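Structure first, commentary second.
Sequential numbering from 1 along the given sequence is applied to the chain's residues. This is a predicted model, so every value here is computed, not measured. Side-chain atoms are counted along with the backbone in the values below, which use heavy atoms only and exclude waters and symmetry mates.
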Amino acid sequence: MTTNLTGKVALITGASAGIGQACARALAEEGARLVLTARRQERLDGLKQQAEKLGTQAISVLGDAREESTAEKTVEAAMQTFGQIDILINNAGVGNYKNLVDTSAEEYDDMMDTNVRSTFLFTRHTVPVMLEQKQGTILMISSMAGVYGFGGEAVYCATKFAQVGFAQALDRELRPHGIKVGVICPGGVKTEFALGRGRTQEGVNNSDMLEPEDVAGAVLLACKQSPGSRIIEIQMRTMAESLA
């Protein structure tokens, strides 16, 4: 494994909170230059300042990851500023935990667009850069809900299974070009994710779920693999999980 990511450029979607924010900090600590995108400018600004204090560079692009124009603008900004994109972390995502009969078509579209469409869009516009470079790492932040089906989460599971399948197919398609593709599948994580949509702040605070930094550590491991190796999938669960 390499010792750090100095000189590398990492593009992170959904960077303003939770796993995305933790990934940004972890990569910045290893020397990576950051391209951050999300919908909350003040949080992006704060994260940019933190990266600069760590001695690296960061730029941000405000936008909705579901919109193709956001992917286009973010990749263009990365190339204009840094001239390369070495790492793409498809992290933007939403959850809405409901039984099927209680899930509306609008809620279905929201989850599919945020979790799957955004992954497609950012990957679609980043891959040409990596093909030209003949190297790169693409990671999807999926979920254990992309490995097992859970009751009351059918649509969410469908989006996360889609990310896993997308990653598996792209691994075969892009590996001959020097591009690594992998997926990170954590269980529940202590973030603001899905608050008011099946989760409560009290429930998250009192849980034994993973911390965002736990997931960022797995992302960092996948980003630091030697040139001749790749991580295809990491499944993560809390040590407090029941043995039953």
Side-chain angles (χ1 to χ4, degrees), residues 9-25 27 33-51 58-82 85 87-98 103-130 138-143 145-146 153 155-163 166-167 170 183-184 189 191-199 212 215-216 219:
V9 175
L11 192 166
I12 306 172
T13 70
S16 63
I19 294 172
Q21 192 176 78
C23 287
R25 293 192 185 111
L27 268 64
R33 297 172 288 175
L34 305 179
V35 181
L36 310 170
T37 182
R39 292 183 290 184
R40 290 175 284 191
Q41 186 66 61
E42 70 283 356
R43 291 197 179 190
L44 291 175
D45 290 342
L47 196 53
K48 181 175 180 291
Q49 292 172 5
Q50 291 177 45
I59 62 170
S60 66
V61 177
L62 186 68
D64 187 334
R66 299 173 295 184
E67 301 295 332
E68 186 167 20
S69 60
T70 302
E72 291 172 332
K73 288 188 301 182
T74 305
V75 170
E76 181 180 358
M79 296 304 291
Q80 287 182 346
T81 305
F82 300 122
I85 302 173
I87 299 164
L88 169 63
I89 301 174
N90 284 301
N91 168 73
V94 297
N96 198 340
Y97 303 145
K98 288 185 175 182
T103 303
S104 69
E106 290 76 14
E107 289 168 331
Y108 170 92
D109 287 342
D110 181 48
M111 281 187 275
M112 282 291 177
D113 286 350
T114 305
N115 299 351
V116 184
R117 178 180 166 86
S118 72
T119 296
F120 162 75
L121 289 173
F122 275 86
T123 305
R124 168 64 183 83
H125 289 285
T126 300
V127 164
V129 174
M130 292 183 172
I138 300 171
L139 298 176
M140 324 301 178
I141 306 299
S142 181
S143 168
E153 303 179 24
V155 175
Y156 177 68
C157 287
T159 67
K160 291 299 171 177
F161 268 82
Q163 286 184 305
F166 188 60
L170 286 181
V183 60
I184 313 296
V189 183
T191 69
E192 60 194 61
F193 179 82
L195 290 181
R197 295 183 169 194
R199 285 187 183 174
V215 185
V219 168

Stepwise, does the side-chain hydrogen bond (donor to acceptor under 3.5 Å, both in side chains) test hold for Q41 with D45?
CA-CA 6 Å; Q41 186 66 61; D45 290 342; 2.8 Å; yes
Start with the C-alpha distance between N96 and M111, add both sets of side-chain angles, then the distance that settles side chain to side chain contact (heavy atoms under 4.5 Å, CB included), and finish with yes or no.
CA-CA 8 Å; N96 198 340; M111 281 187 275; 3.7 Å; yes
Evaluate the side-chain proximity of V129 to M79: yes if any heavy-atom separation is below 4.5 Å, no if none is.
yes
What closest approach, in Å, do V183 and A167 show between heavy atoms, and which atom pair accounts for it?
CB-CB, 4.1 Å
State which residue, out of V61, T126, L121, fulfils the side-chain contact (heavy atoms from CB on, under 4.5 Å) condition with T74.
V61
K160 side chain to I141 backbone, donor-acceptor under 3.5 Å
yes
Going from CD1 on I12 to CZ on R25, what distance comes out if it is rounded to the nearest 0.5 angstrom?
11.0 Å
Beyond-backbone contact of V35 with V9, side-chain heavy atoms, under 4.5 angstrom
yes
Interatomic distance, CZ@F166 vs OG1@T119, rounded to 0.5 Å, equals 7.0 Å
Please identify which of these residues, I87, V127, I89, meets the side-chain contact (heavy atoms from CB on, under 4.5 Å) condition with I138.
V127
To the nearest 0.5 Å, what is the distance between CG (L62) and CG (L36)?
12.0 Å
Hey, could you give me the OG1/OH distance between T103 and Y108, rounded to the nearest 0.5 Å?
11.5 Å
Polar side-chain atom of Q21 near backbone of S16 as donor-acceptor pair, under 3.5 Å:
yes
Residue pair A145 / Y156: nearest heavy atoms and the distance that separates them:
CB-CE2, 3.6 Å
Contact summary for A162 and V116, nearest pair of heavy atoms:
CB-CG2, 3.9 Å
Do E76 and H125 pass the side-chain hydrogen bond (donor to acceptor under 3.5 Å, both in side chains) test, and can you show the C-alpha distance, the side-chain angles, and the key distance before you say yes or no?
CA-CA 9 Å; E76 181 180 358; H125 289 285; over 6 Å; no
Report the residue from T123, T13, N115 that forms a side chain to side chain donor-acceptor pair (under 3.5 Å) with N90.
T123
Minimal heavy-atom distance between I59 and A77, with the atoms involved, is CD1-O, 3.6 Å
Minimum heavy-atom separation for L34 and A51, please, with both atom names.
CD1-CB, 4.0 Å
Output the distance between atom NZ (K98) and atom CD (E107), rounded to the nearest 0.5 Å.
3.5 Å
Rounded to the nearest 0.5 angstrom, the CD-CG distance for Q163 and L139 is 11.5 Å
To check you understand the geometry: which heavy-atom pair defines the closest contact between A65 and S118, and what is its length?
O-CB, 3.2 Å
Could you work out, with salt bridge (Lys or Arg N to Asp or Glu O under 4.0 Å) as the rule, every residue matching R66, not counting sequence neighbours?
D64, D110
